[in-house]
2 protein chains.
Amino acid sequence: MDNNQNQTAFNNKDLDEETLFVVSQTFKALGDPTRIRILNLLIHHEYSVNGIAETLQLRQSTVSHQLRFLKNLRLVKYRREGTTLYYSQDDEHVMNMLKQMIDHACHN
Amino acid sequence: MDNNQNQTAFNNKDLDEETLFVVSQTFKALGDPTRIRILNLLIHHEYSVNGIAETLQLRQSTVSHQLRFLKNLRLVKYRREGTTLYYSQDDEHVMNMLKQMIDHACHN
DNA sequence: TGTATATATTAGTATATGTTCATATTATAA
DNA sequence: TTATAATATGAACATATACTAATATATACA
């Protein structure tokens with residue numbers, strides 16, 4: 001039996017610390033209006049940092065900070081073109097959950 | 001055309017304020033380890049407040065505070081039996097997202 | 001090399017959040 | 001009514017979070 005097996009497989013009552021950390025961090029990323037707006041933009045296509053800032057009426061600094069947050073969680077990635085960085089989504093599963101929740105919230 | 005129609009349907013670039021609030025609040029609820037552990041317990045069956053506290057090794061007060069949080073978002077409900085309140089899940093969709101994310105986090 | 005543009009980083013600040021202790025409330029039973 | 005058990009609430013505290021202004025870094029190009 002695999003030592004790295006998660007507790008879900010054992011149907012245990014509590015979650016192991018690492019799973020708990022990853023899950024809470026990921027949901028936390030989706031738990032802020034600014035990050036949701038950024039990710040919602042990136043559903044459709046890539047954007048530069050300034051592109052996001054202008055579209056969402058946010059400071060460049062704010063966008064950059066939140067992108068770093070999302071990048072650390074591998075929820076977004078970027079490609080460089082000259083001095084411009086184009087950010088795009090990097091976790092299809094999480095993006096699907098975001099879409100689901102937006103639809104869930106809209107169907108009231 | 002319906003005035004209450006959400007912006008997702010229009011494929012707009014930004015989300016309306018109310019959707020943004022509901023979505024971020026819901027994800028915020030899932031963005032805390034304690035609340036995740038509580039909800040993860042309630043996946044299987046109902047628990048009393050003290051039952052949760054004992055199982056997860058948390059203070060009664062902590063559990064009660066977090067249950068109020070989850071109750072306000074209609075993520076949990078309760079039924080009374082004497083002086084005991086049995087809490088259970090009340091949003092199948094959100095619970096499914098939690099399960100999905102836990103599985104997602106485990107499959108590393 | 002020097003300048004311009006795009007982005008990242010740092011430090012400061014205000015606010016939000018989670019936990020705890022102490023206490024209040026509620027319902028039951030003697 | 002009084003006592004007990006279960007839960008809720010309020011206040012205080014420490015920590016986390018998000019935003020901003022100012023500045024640093026990096027790339028391209030003249």
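Reminder, nothing fancy here: chain letters follow the sequence lines and each chain counts from 1. Every heavy atom of this structure was used, including side-chain atoms; hydrogens, water molecules and symmetry mates were not.
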> Is any side-chain N of the basic residue among Asp91(B) and Arg74(B) closer than 4.0 Å to the acidic one's carboxylate O?
Replying inline: no
> Is the ring centre of Tyr87(B) less than 6.0 Å from the ring centre of Tyr47(B)?
Replying inline: no
> Whole Å only: how far is the CG atom of Leu70(A) from the P atom of dA8(C)?
Replying inline: 12 Å
> Which sits closer to the 5' end of DNA chain D, Leu67(B) or Gly82(A), going by the nucleotide each is nearest to?
Replying inline: Leu67(B)
> Can you tell me how far C1' of dT19(C) sits from CZ of Phe69(B), to the nearest Å?
Replying inline: 14 Å
> On a plain distance test, is the side chain of His65(A) in donor-acceptor contact with the base of dT10(C) below 3.5 Å?
Replying inline: yes
>> Rounding to an integer number of Å, can you tell me how far Ile52(A) CD1 sits from dT7(C) P?
In response: 9 Å
> Taking CD from Glu81(B) and C1' from dA27(C), how many angstroms apart are they, rounded to a whole number?
Replying inline: 13 Å
> Looking at Thr26(B) and Met101(A), what are the two nearest heavy atoms and their distance?
Replying inline: CG2-CE, 3.4 Å
> Counting just side-chain N and O atoms, does Asn50(A) come under 4.0 Å of either OP1 or OP2 of dT7(C)?
Replying inline: yes
> When we call it a touch if two heavy atoms are under 4.0 Å apart, what does Thr84(B) touch: a base, just sugar-phosphate, or nothing?
Replying inline: sugar-phosphate
> Taking only side-chain nitrogens and oxygens of Thr62(B), does any of them come within less than 4.0 Å of OP1 or OP2 of dT20(C)?
Replying inline: yes
> Between atom CG in Asp32(B) and atom P in dA16(C), what is the gap in whole Å?
Replying inline: 17 Å
> Which sits closer to the 5' end of DNA chain D, Thr34(A) or Val49(B), going by the nucleotide each is nearest to?
Replying inline: Val49(B)
>> Using OP1 and OP2 only, check whether a side-chain N or O of Arg35(B) sits under 4.0 Å from dG18(C).
In response: yes
> Tyr47(A) OH to dA6(C) P: how many Å, rounded?
Replying inline: 17 Å
> Are the side chains of Met97(B) and His104(A) in touch, meaning some heavy atoms are under 4.5 Å apart?
Replying inline: no
>> Between Arg35(A) and Ser24(B) (side chain of the first, backbone of the second, donor and acceptor by atom type, cut-off under 3.5 Å), is there such a pair?
In response: no
> To the nearest angstrom, how far is Gln60(A) atom CD from dT9(C) atom P?
Replying inline: 11 Å
> With sugar-phosphate meaning primed atoms plus P, OP1 and OP2, does Tyr87(A) contact a base, only sugar-phosphate, or nothing at under 4.0 Å between heavy atoms?
Replying inline: sugar-phosphate
> Taking N and O atoms by type only, does the side chain of Ser48(A) place a donor or acceptor under 3.5 Å from a partner on the base of dT7(C)?
Replying inline: no
> Just wondering, do Val76(B) and Ile38(B) contact through their side chains at under 4.5 Å, heavy atoms?
Replying inline: no
>> For chain A and DNA chain D, what are the first and last nucleotides along the strand, 5' to 3', with at least one atom under 4.0 angstrom from a heavy atom of the protein chain?
In response: dT17(D) to dA28(D)
> Any link between Phe69(A) and Tyr86(A) through a network of hydrophobic side chains (Ile, Leu, Val, Met, Phe, Trp, Tyr) touching at under 4.5 Å?
Replying inline: no
> Between Gln66(B) and dT19(C), does any side-chain N or O lie under 4.0 Å from OP1 or OP2?
Replying inline: yes
> Hey, are the side chains of Asn50(A) and Gln60(A) touching, using non-hydrogen atoms and a 4.5 Å cut-off?
Replying inline: yes
> For Arg59(B) and dC21(C), what is the distance between atoms CZ and C1' respectively, to the nearest whole Å?
Replying inline: 9 Å
